Amino acid sequence: MTEQLTCDPQTSLTKSLLGYGVLAGPLYVTVSLAQALTRTGFDLTRHPWSFLSNGDLGWIQITNFVITGLATLAAAIGIGRAIGSPWTTRLIAVYGLSLIGAGIFRADPAMGFPVGTPEGPGVVTWQGTMHFVCGGIGFTCLIVACLIMARRFAGESRTGWAAYTGASGVLFAAAFAAVSSGGGAAWSNLTFVAGVLIIWTWLSLVSVHLYRRI
């Protein structure tokens with residue numbers, strides 16, 4: 001006698017959406033690091049990854065922002081469905097939209113990148129301002145989403161996930177504060193790179209965790 005397996009369409013949809021949360025971070029980090037290590041004149045200690053949107057190959061990073069943003073939007077819906085938290089969906093969705101905005105509004109060339117750009121901070125255009133506004137809003141929403149999810153995990157007695165989620169949000173907030181106040185110093189840029197790796201790793205792992213438990 002064969003057991004009849006049934007597939008709940010709603011569960012399948014939620015799992016599919018969570019799958020984008022697993023992939024979003026590795027995609028963004030891989031594409032960004034590949035460019036950072038190969039594009040002429042780019043220095044990880046001096047230049048934020050947003051600068052990669054400039055120059056002849058800038059379309060690669062612009063596309064990276066947009067595709068990652070769309071994947072994050074899907075993940076936001078999946079996470080919200082998995083834990084029953086509309087606010088988490090909204091906050092992570094705003095972060096996804098901020099990534100798309102960061103692709104539409106490019107950071108201004110500065111500090112010698114792309115090659116031929118004068119050294120120094122350069123002129124900040126309205127597009128460059130909008131790029132950083134998008135980032136600031138998105139990062140803040142993602143940090144708040146981490147804190148909300150940490151509290152929710154704690155309420156479910158998932159202490160390990162609560163601690164990990166809360167720590168990821170706090171460390172990312174510290175990295176964002178460092179790059180915002182560091183004035184382009186190497187330590188602040190590298191601290192922010194570490195923060196980006198931490199928060200994308202968290203999104204991938206929490207998506208896997210929720211995928212397995214539903």
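Here the structure is a predicted model, which is why all the values come from computation and not from measurement.
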Enquirer: Roughly how far apart are Leu37 CG and Ser32 OG, rounded to 0.5 Å?
Expert: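 The OG atom of Ser32 is 10.5 Å from CG of Leu37, to the nearest 0.5 Å.
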
Enquirer: Might you work through the side chain to side chain contact (heavy atoms under 4.5 Å, CB included) test for Trp87 and Arg152, ending with a clear yes or no?
Expert: CA-CA 12 Å; Trp87 269 109; Arg152 194 174 189 90; over 6 Å; no

Enquirer: Between Asn189 and Pro48, is there a donor-acceptor pair closer than 3.5 Å when you use the side chain of the first and the backbone of the second?
Expert: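 Looks like no, no N/O pair under 3.5 Å.
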
Enquirer: So, applying side-chain contact (heavy atoms from CB on, under 4.5 Å) with Ile79, which one of Leu91, Ile92, Thr89 is it?
Expert: Ile92

Enquirer: Heavy atoms only: give me the nearest Cys146-Gly169 pair and the separation to one decimal.
Expert: CB-CA, 3.7 Å

Enquirer: Could you label the plane-to-plane angle of the Tyr28 and Trp49 rings as parallel, tilted or perpendicular, counting under 30° as parallel and over 60° as perpendicular?
Expert: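 Answer is tilted, since the angle falls between 30° and 60°.
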
Enquirer: I'd like to know if the side chain of Thr117 reaches the main chain of Gly112, judged simply by a donor and an acceptor atom lying under 3.5 Å from each other, with no hydrogens or angles considered.
Expert: no

Enquirer: If two hydrophobic side chains count as joined below 4.5 Å and joins carry through other members, does Val196 share a cluster with Leu99?
Expert: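 Same cluster.
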
Enquirer: For residues Ile100 and Val29: do they belong to one hydrophobic cluster (side chain heavy atoms under 4.5 Å, members Ile, Leu, Val, Met, Phe, Trp, Tyr)?
Expert: no

Enquirer: Any sub-3.5 Å donor-acceptor pair from Asn54's side-chain atoms to Pro114's backbone N or O?
Expert: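 Pair absent, no side-chain N/O of Asn54 close to backbone of Pro114.
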
Enquirer: What is the minimum heavy-atom distance between Val206 and Phe153, and which atoms define it?
Expert: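 Minimum heavy-atom separation between Val206 and Phe153: CG2-CZ, 3.8 Å.
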
Enquirer: Can you find a pair of side-chain heavy atoms, one from Leu203 and one from Leu142, that are under 4.5 Å apart?
Expert: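 Contact flag for Leu203/Leu142 side chains = no.
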
Enquirer: Would a distance-only check, ignoring hydrogens and angles, find a side-chain to backbone donor-acceptor pair under 3.5 Å from Arg213 to Ala82?
Expert: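 Not at all, since once roles are kept as given, no pair shorter than 3.5 Å links the two residues.
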
Enquirer: Is the number of heavy atoms from other residues, nucleotides or ligands under 6.0 Å of Arg90 CZ greater than 12?
Expert: yes

Enquirer: Name the residue from Gln35, Arg39, Arg106 that meets the side chain to side chain donor-acceptor pair (under 3.5 Å) definition with Gln61.
Expert: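 Exactly one option meets the side chain to side chain donor-acceptor pair (under 3.5 Å) with Gln61, and it is Gln35.
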
Enquirer: Which heavy atom of Trp200 sits nearest to which heavy atom of Ala24, and what is that distance?
Expert: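 For Trp200 versus Ala24, the nearest heavy atoms are CZ3-CB, 3.9 Å.
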
Enquirer: Ser98 and Gly138: which non-hydrogen atoms are nearest, and at how many Å?
Expert: OG-CA, 3.4 Å

Enquirer: About how many Å separate CE of Met130 and OG1 of Thr125, when rounded to the nearest 0.5 Å?
Expert: 11.0 Å

Enquirer: Work out which heavy atom in Trp187 is nearest to a heavy atom in Ala178; give both atom names and the distance.
Expert: CZ3-CB, 3.7 Å

Enquirer: Are the side chains of Val179 and Val193 in touch, meaning some heavy atoms are under 4.5 Å apart?
Expert: no

Enquirer: Could you walk me through whether Ser53 and Phe65 pass the side chain to side chain contact (heavy atoms under 4.5 Å, CB included) test, one step at a time?
Expert: CA-CA 9 Å; Ser53 295; Phe65 274 126; 3.6 Å; yes

Enquirer: Verify, without hydrogens or angle tests, whether His209 (side chain) and Leu205 (backbone) share a donor-acceptor contact under 3.5 angstrom.
Expert: no

Enquirer: In this structure, would Ile137 and Phe176 fall into the same cluster of hydrophobic residues linked by side-chain contacts under 4.5 Å?
Expert: no

Enquirer: Is it the case that atom CZ in Phe113 sees more than 12 heavy atoms from other parts of the structure closer than 6.0 Å?
Expert: yes

Enquirer: Check the surroundings of atom CH2 in Trp59: do more than 12 heavy atoms from other residues, nucleotides or ligands lie under 6.0 Å from it?
Expert: no

Enquirer: Working note: Leu52 + Leu57, criterion side chain to side chain contact (heavy atoms under 4.5 Å, CB included); need CA distance, chi angles, decisive distance, verdict.
Expert: CA-CA 8 Å; Leu52 292 166; Leu57 297 176; over 6 Å; no

Enquirer: Give a yes or no on whether Tyr211 atom OH has more than 12 heavy-atom contacts from other residues, nucleotides or ligands under 6.0 Å away.
Expert: no

Enquirer: Less than 6.0 Å separating the ring centroids of Phe42 and Phe51?
Expert: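 No, the ring of Phe42 stays outside the 6.0 Å limit from the ring of Phe51, centre to centre.
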
Enquirer: Which one of Met149, Arg158, Arg151 satisfies the side-chain contact (heavy atoms from CB on, under 4.5 Å) criterion with Thr165?
Expert: Met149

Enquirer: To the closest 0.5 Å, what do you measure between CG (Leu17) and CG (Leu13)?
Expert: 4.5 Å

Enquirer: Quick one: do Leu197 and Ile199 end up in the same hydrophobic cluster if we chain Ile, Leu, Val, Met, Phe, Trp and Tyr together by side-chain heavy atoms under 4.5 Å apart?
Expert: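 Hydrophobic grouping puts Leu197 with Ile199.
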
Enquirer: When rounded to the nearest 0.5 angstrom, what is the spacing between CG in Leu18 and OG in Ser204?
Expert: 11.5 Å

Enquirer: Does Phe105 form a side chain to side chain contact (heavy atoms under 4.5 Å, CB included) with Phe132? I'd like the steps, not just the answer.
Expert: CA-CA 9 Å; Phe105 303 108; Phe132 289 110; over 6 Å; no

Enquirer: Under 3.5 Å, which donor-acceptor pairs link side chains of residues 67-78 to any protein atom two or more places apart or in another chain?
Expert:
unit_1, atom_1, unit_2, atom_2, d
Thr68, OG1, Asn64, O, 2.7
Thr68, OG1, Asn64, OD1, 3.3
Thr72, OG1, Thr68, O, 2.8

Enquirer: Can you tell me how far the CD1 atom of Ile214 sits from the CD1 atom of Ile83, to the nearest 0.5 Å?
Expert: 11.5 Å

Enquirer: Supply the atom-to-atom distance Arg212 CZ to Leu210 CG, rounded to the nearest 0.5 angstrom.
Expert: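 One finds 11.5 Å between CZ of Arg212 and CG of Leu210.
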
Enquirer: I need the minimum non-hydrogen distance between Gly128 and Asp108, along with the two atoms involved.
Expert: CA-OD2, 3.3 Å

Enquirer: Decide whether Val133 and Val123 are clustered together by the hydrophobic rule: side chain heavy atoms of Ile, Leu, Val, Met, Phe, Trp, Tyr closer than 4.5 Å, transitively.
Expert: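 In one cluster with Val133: Val123, no.
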
